[in-house]
Engineer: 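Got a structure for you, questions after.
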Amino acid sequence: QVQLVESGGGSVQAGGSLKLSCTISGYTYDTYYMAWFHQAPGNEREGLAAIESDGSTTYAGSVKGRFTISKDNAKKPLYLQMNGLRPEDTGMYYCAADPFIFGTSIEALRPSDFNYWGQGTHVTVSS
């Protein structure tokens, strides 16, 4: 059974930084496509960044240059370093994983494309 658990959320002032973590267990596939999604209050979940098992990354335009996704290897946690946070970054952050997505921009993917999800961690950015 695949389990994803996010941590690292909290409250920060605009311009500040946070680093989110996502640990994964029970994942036995040889390849992965792992992503971070953001859901602002009243909005749909949207993809922010993703990393594949070959190390390639993709970012949504709204976070490019501010956020960095990383994962050292298949057994290590997934991270999202968030710098220059803005009030509109407030909301729930979810990590997601799927073994059958390859070479696709995160902006082209929908939440329904992912098989595995964490429960989320909340971020509040105050102005």
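Side chains are part of it too, since the values below use all heavy atoms of this structure and drop only hydrogens, waters and symmetry mates.
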Engineer: So, taking the atom named CD in E107 and the one named CG in L48, what distance separates them when rounded to the nearest 0.5 Å?
Structural biologist: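 So the gap between those two atoms works out to 10.0 Å.
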
Engineer: Which residue pairs pass the disulfide bond (SG atoms under 2.5 Å apart) test when at least one of the two sits in residues 36-127, sequence neighbours left out?
Structural biologist: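 Non-adjacent pairs meeting disulfide bond (SG atoms under 2.5 Å apart): C22-C95.
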
Engineer: Could you tell me which non-hydrogen atom of A49 sits nearest to which non-hydrogen atom of Y59, and how far apart they are?
Structural biologist: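 Smallest interatomic distance, heavy atoms only, reads CB-CD2, 3.6 Å.
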
Engineer: Transitively linked via ILVMFWY side-chain contacts under 4.5 Å: V125 with F67?
Structural biologist: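 Linked within one cluster.
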
Engineer: Ignoring hydrogens, what is the shortest heavy-atom contact between E52 and I101? Give both atom names and the distance.
Structural biologist: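 Closest approach of E52 to I101: OE1-O, 4.0 Å.
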
Engineer: Output every pair passing salt bridge (charged side-chain N to carboxylate O under 4.0 Å, His left out) with a member in residues 111-127, not counting sequence neighbours, ordered by first then second residue.
Structural biologist: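 Checked against salt bridge (charged side-chain N to carboxylate O under 4.0 Å, His left out) - neighbours excluded - the pairs reaching residues 111-127 are R110-D113.
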
Engineer: Counting neighbours of CD on Q13 that are heavy atoms of other residues, nucleotides or ligands and sit closer than 6.0 Å, is the number greater than 12?
Structural biologist: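 Not buried by this count: 12 neighbours or fewer within 6.0 Å.
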
Engineer: What are the two closest non-hydrogen atoms of T104 and A108, and how far apart are they?
Structural biologist: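 Distance-wise, the nearest heavy atoms are CG2-CB, 4.0 Å.
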
Engineer: Kindly indicate whether the side chain of Y116, heavy atoms from C-beta on, has any atom under 4.5 Å from the side chain of Q3.
Structural biologist: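 Side chain of Y116 against side chain of Q3, heavy atoms only: no contact under 4.5 Å found.
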
Engineer: When clusters are formed by joining ILVMFWY residues with side-chain heavy atoms under 4.5 Å apart, either directly or through shared neighbours, do V5 and W36 land in the same one?
Structural biologist: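 Unlinked, V5 and W36 end up in two clusters.
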
Engineer: Taking side chain as C-beta onward, heavy atoms only, is M34 less than 4.5 Å from I69?
Structural biologist: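 Not in contact.
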
Engineer: Quick check, are the ring centers of Y29 and Y27 under 6.0 angstrom apart?
Structural biologist: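 Yes - the distance between ring centres of Y29 and Y27 falls below the 6.0 Å cut-off.
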
Engineer: For residues 33-78, which residue pairs pass the disulfide bond (SG atoms under 2.5 Å apart) check, not counting sequence neighbours?
Structural biologist: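 For residues 33-78, and leaving out neighbouring residues, there are no disulfide bond (SG atoms under 2.5 Å apart) pairs at all.
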
Engineer: For residues 16-45, pull every pair meeting salt bridge (charged side-chain N to carboxylate O under 4.0 Å, His left out), keeping only residues two or more places apart or in separate chains.
Structural biologist: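 Those involving residues 16-45 do not exist here.
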
Engineer: Do L4 and I106 sit in one hydrophobic cluster, given that two such residues count as connected whenever their side-chain heavy atoms are within less than 4.5 Å of each other, even indirectly?
Structural biologist: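 No, L4 and I106 fall in different hydrophobic clusters.
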
Engineer: Which value, rounded to the nearest 0.5 Å, describes the distance between T28 atom OG1 and Q1 atom CD?
Structural biologist: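 So the OG1 of T28 and the CD of Q1 are separated by 12.0 Å.
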
Engineer: Aromatic rings F114 and Y33: how do their planes relate, parallel, tilted or perpendicular, breaks at 30° and 60°?
Structural biologist: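 F114 vs Y33 ring planes: tilted.
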
Engineer: To the nearest 0.5 Å, what is the distance between OG (S11) and CG (L85)?
Structural biologist: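 Rounded to the nearest 0.5 Å, the OG-CG separation comes out at 11.5 Å.
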
Engineer: Suppose we screen for salt bridge (Lys or Arg N to Asp or Glu O under 4.0 Å). Which residues come up paired with D89, at least two apart in sequence or across chains?
Structural biologist: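 D89 satisfies salt bridge (Lys or Arg N to Asp or Glu O under 4.0 Å) with R66 only.
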
Engineer: Where the side chain of E6 meets the backbone of Q119, is there a donor-acceptor pair that is under 3.5 Å apart?
Structural biologist: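 Looks like yes, one N/O pair under 3.5 Å.
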
Engineer: Side chains of V123 and L20: does their closest heavy-atom pair fall under 4.5 Å?
Structural biologist: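 Yes, their side chains come closer than 4.5 Å.
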
Engineer: State the OH-CD distance between Y93 and Q39, to the nearest 0.5 angstrom.
Structural biologist: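 If I round to the nearest 0.5 Å, the distance is 11.5 Å.
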
Engineer: In terms of hydrophobic clustering (I, L, V, M, F, W, Y; side-chain heavy atoms under 4.5 Å; direct or indirect links), are F37 and I51 co-clustered?
Structural biologist: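 In one cluster with F37: I51, no.
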
Engineer: Hydrophobic cluster membership, with links at side-chain heavy-atom distances under 4.5 Å among I/L/V/M/F/W/Y: are Y94 and Y79 in one?
Structural biologist: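 No, no single cluster joins them.
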
Engineer: Taking all atoms of both residues into account, what is the closest heavy-atom pair of G16 and V12, and its distance?
Structural biologist: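 That closest heavy-atom pairing would be CA-CG2, 3.7 Å.
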
Engineer: Please list, chain by chain and in numerical order, all residues satisfying ring pair (Phe, Tyr, Trp, His ring centres under 6.0 Å) with F102, sequence neighbours excluded.
Structural biologist: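 Ring pair (Phe, Tyr, Trp, His ring centres under 6.0 Å) check on F102 returns nothing, list empty.
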
Engineer: Just how far is it from atom OG1 of T57 to atom NZ of K64, taken to the nearest 0.5 Å?
Structural biologist: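 Result: 8.5 Å between the selected atoms.
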
Engineer: Give a yes/no verdict on a cation-pi contact between K71 and Y32, requiring under 6.0 Å between NZ or CZ and the six-membered ring centre and an angle within 45° of the axis.
Structural biologist: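 So K71 does make the cation-pi contact.
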
Engineer: Return the minimal non-hydrogen interatomic distance between G8 and T121, and the atom names on each side.
Structural biologist: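 Of all heavy-atom pairs spanning G8 and T121, the closest is N-OG1, 4.1 Å.
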
Engineer: If you take all heavy atoms of Q81 and S17, which pair is closest and at what distance?
Structural biologist: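 Shortest heavy-atom contact: NE2-CB, 3.9 Å.
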
Engineer: Would the distance check show the side chain of T124 and the main-chain N or O of T90 forming a donor-acceptor pair, the cut-off being under 3.5 Å?
Structural biologist: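 Checking the backbone N and O of T90 against the side chain of T124, no donor-acceptor pair under 3.5 Å is found.
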
